[in-house]
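Everything on this sheet refers to the single structure shown next.
None of the values given here were measured: they were computed from a predicted structure. In this chain, numbering begins with 1 at the start of the sequence shown.
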Amino acid sequence: MQERHTSTDGRHRLSAVADRLSAGIANRFAIDTRALAAFRIALGLLLLTDLALRSRDLEAFYTDAGVLPRAALFSDYSNVYSLHAMSGEPWAIGLLFVVAAVFAVAMTIGYRTRLATVCSWLLLLSLHARNPMVLNGGDTFLRILLFWAMFLPLGKRWAVDARRTDEPRATVSNVATMALLLQVTSMYVVNAIHKSRGEMWFNGEAVVYVFSLDYKFTFLLGDVLAEYPELLRMMTYLWTGLLLSSPLLLLLTGRPRAVLATAFAGMHLGMLVTMRIGIFPLVVVTALVPFYPPFVWDGLVVLATRAGLARPLCAAMSRLRATLPRGPTISGLPTTLPAPQRLLTAGVAHGRTLFSTVLPWLFLVLVILSNAQAVGYTQVPEPGEEALEATETDQNWQMFAPEPLGTDGWFIAPAELENGSEIDALHRSEVSWDPPSSHEDVYPTSRWRKYLANVWGGDNENHRSYLANHLCERWNGNHETDIEQVDLYYMAQPSEPYNETEPVDSTKLQEYRCDGEFIQD
């Protein structure tokens, strides 16, 4: 009898331990529904910002008059699936930008949220496929965040869609929330492993060298901080320490988690005002929003109420709910349905289960394997690789790793005109072989910086010809005196923060006649 009691007590204790463990795991992957709403709003605004920034170079990067005409795209890249490649006309690409902006606005206000998120993700995939030469880490991360957003209940709070739900739960904990939090943490962990394979991040010199890349990255406060190497060494150690502590984003809860997430967000906002790396810092700050626990959102609601913002915002949302048409709903259907409708309803239910549970679990496993593969710890099976490539969710996270770039530089494109004079076809100015006086004289936008960096590095000989041809056509279409020949030069300068007399090495990348005759590479 005593043995039975002992056995029963043991089972109860094991069950209690299992329950506490399960509750602890669920708590660590729980996300406040207001955090999901803020995440949705930030994603929508990021999409609008991204479209606005890209529109400055719409013709240059996404049309047949640009650096990558569709004939070149289909010739150099296999399996191109892109709505943006259906036409090479600026008006067609502009129309797709407008459509994408409409879905981004729908995401922001939470109208038909899941549909808007899916369409935004598909349009972003299409846009990225149209010109891979201009993509950076921020594009990859934004695309992946949108992918996970499709499986999250983003419309439960602060949304037009919230009118269709009962009183929302305070937090949500499921496979999709787990995937999102693991995705953000794995980015930091993988980047930390990459950086550990170099020396500069652990001897304090990495950020010093990053800020010596005057033409590629530093601007605004970055130019000021570059004058204080000791401060930059401290920042190197601080950032390395944060990266090494990134698993604590999952292990901690409550206020400690909020403090750590704020430290990461602060560092990324610092990057925003010191480095020209596009919207990457804002994308990562958006990804950190779901880590903030309920007490943060409780405080923000109180502040909004005291500031008199809560009532106008609620009124604006009510007006939107009254104005916009309601989406389809299955509420109010009779309990007894004909057989075909019962089958349809059952099919919809099974489809939702597949979409909301099975697919997130599958891709969560694949993404974990992809991150492990990026640092050489395992291999993704071939079917998994195909699934990751099809959804553009394969990842690496090798930013400034294992060490920062060792070479800075700028581009010159001296072009010979029919009348014998010479201009710089890239900058549409006089040819100058001296170092540029400002960042804007080197790269007009961060997209151009990324594009030209890819033209210079790697096996991209074809793209050098495409660029030269674009420079010819851009000039000749707007001037009476045509360009006959254009050359591409890269002026490489070693990144040596402790040497103010760095030598400049001129490398000719391409000679190109504007009649299409290839000369040499």
Side-chain angles (χ1 to χ4, degrees), residues 60 67 132-137 198-201 205-219 222-223 225-227 229 232 274-278 398-416 422-471 485-512 518-521:
V67 297
M133 291 285 286
V134 300
L135 301 181
N136 56 36
E199 295 181 0
M200 288 189 182
W201 289 100
E205 294 294 324
V207 177
V208 180
Y209 275 79
V210 169
F211 277 67
S212 72
L213 297 168
D214 299 325
Y215 301 120
K216 280 188 169 68
F217 295 113
T218 56
F219 80 138
D223 294 330
L225 292 177
E227 303 298 323
L232 295 180
T274 56
M275 301 170 65
R276 299 185 71 187
I277 49 178
Q398 207 166 351
M399 298 84 74
F400 294 108
E403 292 181 342
L405 296 173
T407 304
D408 202 2
W410 63 95
F411 288 81
I412 300 175
E416 181 181 335
E422 191 177 56
I423 54 99
D424 186 332
L426 180 61
H427 301 100
R428 287 176 279 197
S429 63
E430 295 182 0
V431 177
S432 173
W433 299 92
D434 296 327
S437 58
S438 69
H439 309 283
E440 289 74 16
D441 294 336
V442 184
Y443 306 107
T445 66
S446 60
R447 293 286 169 199
W448 272 105
R449 179 192 63 77
K450 187 63 180 180
Y451 170 75
L452 290 172
N454 284 328
V455 167
W456 170 56
D459 186 20
N460 288 314
E461 290 86 355
N462 288 346
H463 288 279
R464 296 167 187 170
S465 296
Y466 303 152
L467 172 59
N469 183 70
H470 167 66
L471 297 179
Q485 178 177 321
V486 62
D487 302 335
L488 293 177
Y489 284 87
Y490 182 67
M491 313 297 289
Q493 189 174 43
S495 174
E496 298 178 2
Y498 305 108
N499 181 5
E500 296 184 1
T501 58
E502 301 146 329
V504 177
D505 181 24
S506 171
T507 302
K508 180 181 285 190
L509 303 176
Q510 182 80 71
E511 292 182 6
Y512 186 86
F518 173 80
I519 300 177
Q520 73 177 40
D521 183 20

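- At a threshold of 4.5 Å between non-hydrogen side-chain atoms, the residues Asn136 and Arg447 count as touching.
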For Tyr215 and Arg449, what are the C-alpha separation, side-chain angles and deciding distance, and is it a side chain to side chain contact (heavy atoms under 4.5 Å, CB included)? CA-CA 9 Å; Tyr215 301 120; Arg449 179 192 63 77; over 6 Å; no
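- Annotation: side chain of Met275 is in contact with side chain of Val210 (closest heavy-atom distance under 4.5 Å).
- The closest side-chain heavy-atom distance from Val504 to Trp410 is below 4.5 Å.
- What you find for Leu488 and Ala413 is that their closest heavy atoms are CD2-CB, 3.9 Å.
- The two atoms that bring Leu452 and Phe411 nearest to each other are O-CZ, 3.0 Å, heavy atoms only.
- Atom CD of Glu422 has more than 12 heavy atoms from other residues, nucleotides or ligands within 6.0 Å.
- Residues Tyr451 and Tyr443 fail the side-chain proximity criterion, which asks for heavy atoms closer than 4.5 Å.
- For His470, there are no side-chain hydrogen bond (donor to acceptor under 3.5 Å, both in side chains) partners, not counting sequence neighbours.
- Judged purely by atom type and a 3.5 angstrom limit, Asp424 has no side-chain atom pairing as donor or acceptor with the backbone of Pro414.
- At a threshold of 4.5 Å between non-hydrogen side-chain atoms, the residues Tyr512 and Arg464 do not count as touching.
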Quick one, Lys508 with Tyr489, criterion side chain to side chain contact (heavy atoms under 4.5 Å, CB included). Give me CA distance, side-chain angles, the key distance, then yes/no. CA-CA 4 Å; Lys508 180 181 285 190; Tyr489 284 87; 2.8 Å; yes
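- Counting only heavy atoms from C-beta outward, the side chains of His463 and Asn454 never approach each other to under 4.5 Å.
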